[in-house]
Amino acid sequence: MTNITNFPDFLTLGLVFTSLNDFQTFLTDLGITIVVVVVLYILCFYVLRFWLRQLSTDLPLVTLNVSRFPVVAIALAVGIKISLGTLPSENQFPVLQKVLSAFIVVIGTYWFAKIITEVLIYFLKDYAEKSEAMWDDVVVPILATTLPVIIYLVGGLLALQSLGIDLTGLWVAFGGATFVLGFALKDILANFFSGLVLLIDTPFRFGDVISLPNGSIAVIKNIGLRVTNLYLIDTHSEMYIPNGALEGQQIVNLSRPTSHYYYTVSIPLQTDVDPTRAIKIMENVVLAHPDTLGDIDKKLEMLDRFYGFSGTGVREDQKRENGRQRLLAEKQVNLKLRKIEQEFELLSEKISHLEKGGLDFSEISTIRGDYLEICEQMGLEMHTERLWGKRKRSWLEEAQGNAIDDSLLGLIRHWYLAWEKDPDLMKEDRIILPKEWEQKMDLLKIKMNKLFKIMTEPSGQETRLDDYVENMRLWLSESFKSSRNEWQDPKVWADKDSVVKFYVDDIKLEHCERGNRIKSEVRREMIWHLRQAYLYK
């Protein structure tokens, strides 16, 4: 093994080339290397940058910015190594060659780590936000923490190996230390692998409201490598549970499949009351509350007759007016959704009928035209660009101007903007609502574009087009927004103590206290109306 302690000698004037020609050859090769690096630098970081700025995504531009210094440094180091390699064997400076190799490894490691943290991690997070993936807030932070450490560790070992250092003893010592640490940290490792299981199964995500076995209601704040951080709503405190212990518990996710949640109120009634009359009053009170679920037409009908009578009046008037505007906006959304669902159903039946004899070009064009009419109802329009020759590329984008106002996307924005004016919402809720619905609408655009590509070029999938259309219709009603769920109407069971069950629109709002507030208001309003009718015990 070469003695590395002598490598600074190459910096002294004692380095003598065997001939002037060797020296001139070295300088010529080095000059060519510098010219090539400069040309590549101009092409990549000026010409290419100008072109990348015109793309819709910024990932290539970020990659280019991250690569600026590493590419130049590696190119210069490689050029110097190649230039030294052209010299006679006795003047190739093996120590300098090893230093340059280690330098290339170090810069390459730094470059790879930056690509991972600033490009790949960013892409994964952006992809998860625009899809139904649940791991964006869970897996991505862990990858961002662990991958750079692993990359730098491997890169450091490779750099030492490039310098000619024998790492055999180091690997043996590392293996022994790993065994000892694994035995000593078995509990920590158990929690770590339990955390990985939680990431794979993904029973919840950040912001989900869960019920613990002891009855506590908590919000998922963070899933770490060893512990999971929970926020306890009732006590306004944080709790840390080892992943191994959390994995073995029975967890009830109150935010799934939707953020609606069933609440129960018990009302004592007089023994001689007419149960039918009492049930009707209680149903009307629940329907009248703007923040409960139910038939919107009935809610609008009951809003002025059964909401806000037990309060002071000023705030209730504001809440009532905002509730009316929000319900009217949601009604328009539901009508548009119902129409789109019906058109999807008709399109699925049409495709199922046509595909029996195989789909020809004219039939595919007809189906595509019907699909584009549905897209127009959603607020999407087709854009086309010519690639080369007669080849074209088409895709769907959100319509602009007045065309979007009466579409599904425009109506949803009008709805959540009306919702933002709810006087009960907190400042953070006015950020959560638009973010949540914009993410849902982005996902809708992605799914509609995927189906549009299949519609344009079925490529042997003609017999499955009706299934794809039906799956899209089901996704709209089950995962995007339901136009009407009768099972979400309030339920009243009359006995000695009447039990009233109703759904709250979104339990995650108001710092996860929205359900408790609504439950209290509904109970107070019921008691007021029942007393007016002489039915309350």
Side-chain angles (χ1 to χ4, degrees), residues 126-136 201-205 207-208 253 255-261 293 330-352 355 367-368 370-382 395-399 404 407-413 415-416 433-459 461-488 503 505-506 508:
D126 183 65
Y127 170 79
E129 289 179 350
K130 295 180 179 179
S131 68
E132 294 174 290
M134 304 295 184
W135 41 260
D136 56 328
D201 288 341
T202 321
F204 36 67
R205 58 181 174 181
D208 278 359
N253 193 331
S255 301
R256 301 228 191 142
T258 66
S259 57
H260 310 140
Y261 186 64
L293 300 185
E330 186 177 6
K331 180 180 178 179
Q332 295 302 314
V333 172
N334 290 345
L335 289 174
K336 182 66 69 172
L337 263 176
R338 195 172 299 125
K339 182 179 180 181
I340 291 174
E341 290 171 3
Q342 291 171 353
E343 291 183 357
F344 266 125
E345 188 173 358
L346 292 175
L347 179 59
S348 177
E349 293 175 356
K350 183 176 184 178
I351 296 173
S352 181
E355 70 183 11
I367 293 171
R368 184 188 183 196
D370 294 342
Y371 181 74
L372 287 175
E373 290 181 3
I374 298 177
C375 294
E376 185 179 350
Q377 294 289 324
M378 288 187 173
L380 302 175
E381 59 185 12
M382 184 180 70
W395 70 98
L396 299 173
E397 280 188 6
E398 185 173 337
I404 194 66
S407 68
L408 178 63
L409 299 181
L411 292 173
I412 288 177
R413 288 197 179 95
W415 171 47
Y416 76 62
L433 274 175
K435 180 180 178 181
E436 178 180 344
W437 278 104
E438 288 297 334
Q439 287 179 351
K440 279 190 174 184
M441 289 189 286
D442 286 340
L443 181 57
L444 174 63
K445 298 173 193 175
I446 292 173
K447 285 184 170 292
M448 292 295 290
N449 261 299
K450 288 181 179 179
L451 186 53
F452 174 70
K453 290 180 180 179
I454 298 175
M455 291 283 184
T456 304
E457 299 179 4
S459 303
Q461 302 183 75
E462 293 91 341
T463 58
R464 296 182 178 179
L465 284 180
D466 56 338
D467 297 328
Y468 294 145
V469 171
E470 180 63 16
N471 290 337
M472 187 67 203
R473 185 188 69 82
L474 291 175
W475 179 84
L476 274 174
S477 61
E478 295 176 0
S479 300
F480 186 74
K481 187 186 187 307
S482 173
S483 58
R484 177 75 174 100
N485 282 327
E486 294 183 0
W487 54 267
Q488 290 182 335
Y503 279 94
D505 52 9
D506 194 337
K508 294 188 294 183

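Worth saying up front: this structure is predicted, and the values here are computed from it rather than measured.
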Could you measure the distance from the [atom1] atom of [X] to the [atom2] atom of [Y]? Nearest 0.5 Å is fine.
{"X": "Ser479", "Y": "Lys447", "atom1": "OG", "atom2": "NZ", "answer": "7.5 Å"}
{"X": "Tyr371", "Y": "Phe344", "atom1": "OH", "atom2": "CZ", "answer": "5.5 Å"}
{"X": "Met455", "Y": "Lys450", "atom1": "CE", "atom2": "NZ", "answer": "15.0 Å"}
{"X": "Phe480", "Y": "Glu341", "atom1": "CZ", "atom2": "CD", "answer": "10.5 Å"}
{"X": "Arg413", "Y": "Ile404", "atom1": "CZ", "atom2": "CD1", "answer": "6.0 Å"}
{"X": "Glu330", "Y": "Asp505", "atom1": "CD", "atom2": "CG", "answer": "8.5 Å"}

Going by the rule side-chain contact (heavy atoms from CB on, under 4.5 Å), which residues pair with Glu349 if we only count those two or more places apart in sequence or in a different chain?
Glu345, Leu346
Just checking, any donor-acceptor pair under 3.5 angstrom between side chains of Glu436 and Tyr416?
no
Under-4.0 Å salt bridge between Arg473 and Glu470
yes
Which residues pass the side-chain hydrogen bond (donor to acceptor under 3.5 Å, both in side chains) test with Lys350, not counting sequence neighbours?
Asp370
Going by the rule side-chain hydrogen bond (donor to acceptor under 3.5 Å, both in side chains), which residues pair with Gln377 if we only count those two or more places apart in sequence or in a different chain?
Lys336
So, for [X] and [Y], which heavy atoms are closest and what is the spacing to 0.1 Å?
{"X": "Cys375", "Y": "Leu396", "answer": "SG-CD1, 3.6 Å"}
{"X": "Met378", "Y": "Leu476", "answer": "CE-CD1, 3.8 Å"}
{"X": "Leu411", "Y": "Gln332", "answer": "CD1-O, 3.7 Å"}
{"X": "Ser348", "Y": "Asp466", "answer": "OG-O, 3.3 Å"}

So, do [X] and [Y] sit near enough that their side-chain heavy atoms are less than 4.5 Å apart?
{"X": "Met441", "Y": "Glu398", "result": "no"}
{"X": "Met382", "Y": "Phe452", "result": "yes"}
{"X": "Lys481", "Y": "Asn334", "result": "yes"}
{"X": "Leu444", "Y": "Trp475", "result": "yes"}
{"X": "Asn471", "Y": "Leu451", "result": "no"}
{"X": "Asn449", "Y": "Leu380", "result": "no"}
{"X": "Leu409", "Y": "Lys445", "result": "yes"}

Taking the six-membered ring of Trp395, is NZ or CZ of Lys453 closer than 6.0 Å to its centre and within 45° of its axis?
no
A quick test of your reading: do over 12 heavy atoms of other residues, nucleotides or ligands sit less than 6.0 Å from CZ of Arg338?
yes
